[in-house]
J.: 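Before anything else, here's the structure in question.
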Amino acid sequence: MQLTVLGSNGTYPTPGRPASGYLLDTVSDRILLDCGPGVFAAMLEREIFPDSIVLSHAHGDHCLDLLPLFNYLRFDRTDLRGIPLLAPQGVVDRLAAFIGAGPTHEFFDVFISEVIAPGAAVRIGEAKIDFGEAVHPVPALCVRVTTPDSSLVYSGDTGPGGDLQGLAAGTALLLCEATHQGPPPSDRYPYHLYAVEAGQIAAAASVEALLVTHVAPTLDPAVSVVEAGAEFAGRVDHAAPGMEVQV
Ligand SMILES: [Zn+2]
Ligand SMILES: [Zn+2]
């Protein structure tokens with residue numbers, strides 16, 4: 001597999017740094033994990049578009065660029081219509097409602113949507129996709145992609161607990177949110193991770209390598225890498241926009 005980081009900013013994009021969007025090329029398919037603000041333009045710049053899309057949850061920093069992607073596929077790349085769109089309950093309904101798309105709207109010709117619950121597993125070409133429950137204020141998924149040669153787990157947005165650690169067990173690469181830095185305070189926000197916690201999950205799951213992502217835009221990702229690396233002996237890096245990783 002090859003992972004291409006289109007964007008990795010936590011919560012909002014900044015110039016040259018889109019919010020969450022990761023392209024995963026398997027031998028058979030190109031899968032987009034999340035489609036946050038700035039991700040559509042990053043795909044257009046590269047002239048690469050997905051065969052399938054997985055959205056982790058309904059927060060805007062993970063799904064809003066599905067709307068410009070829809071217009072592009074609707075008007076200018078009709079040959080690409082019919083893209084499978086996998087998302088938890090409520091995500092596609094919200095996006096469709098934003099453009100007033102009823103059940104017969106061409107939104108549902110461009111995207112073939114399927115609601116995914118935690119515990120579900122689907123096959124996309126040679127890849128098996130397993131979904132776990134993330135700890136977040138809206139229905140949210142963490143995602144494991146397993147091919148004959150490798151495996152990757154993406155946390156989506158999550159606090160501690162949930163299915164992330166179990167899903168990540170033994171995987172080659174953990175792409176894990178690390179929104180915050182420093183020691184988690186006792187009154188910590190329960191729906192995101194600190195960099196040290198990303199490192200602890202990577203260690204407990206015995207993954208081969210860790211990419212921290214979704215770092216809050218005001219923070220220096222290099223600090224997140226150091227903090228996560230203090231908890232995890234394997235390779236740690238930041239999922240910088242434009243980065244390509246062989247998994
Ligand atoms: Zn987010
Ligand atoms: Zn979120």
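Whatever order the structure lists them in is the order used to number ligands and atoms, beginning at 1. We number each residue from 1, following the sequence as shown.
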J.: Give the C-alpha distance, both sets of side-chain angles, the deciding distance and a yes or no for side-chain hydrogen bond (donor to acceptor under 3.5 Å, both in side chains) between Asn9 and His214.
T.: CA-CA 5 Å; Asn9 261 27; His214 200 272; over 6 Å; no

J.: Students often mix this up, so state it plainly: with edges at 30° and 60°, are the rings of His192 and His180 parallel, tilted or perpendicular?
T.: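 Perpendicular.
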
J.: Would you call Arg81 and Glu106 a salt bridge, using N to O less than 4.0 angstrom?
T.: yes

J.: How close do Pro50 and Leu32 get, counting heavy atoms only, and between which atoms?
T.: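 Closest approach of Pro50 to Leu32, heavy atoms only: CB-CB, 3.7 Å.
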
J.: With 2.8 Å as the threshold, which protein atoms of type N, O or S lie near the Zn ion (ligand 1)? Leave waters out.
T.: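 Listed by chain and number, the nearby protein N, O or S atoms are Asp61 OD2, His62 NE2, Asp157 OD2, His214 NE2.
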
J.: Please check this pair: side chain of Asp61 against backbone of Thr11, looking for a donor-acceptor N/O pair closer than 3.5 Å.
T.: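 The answer is yes, because a donor-acceptor pair under 3.5 Å joins these two groups.
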
J.: Can you tell me which N/O/S atom of His136 has the shortest distance to the Zn ion (ligand 2)?
T.: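 So the atom name we want here is NE2.
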
J.: Identify which one of Val212, Val236, Leu164 satisfies the side chain to side chain contact (heavy atoms under 4.5 Å, CB included) criterion when paired with Cys176.
T.: Leu164

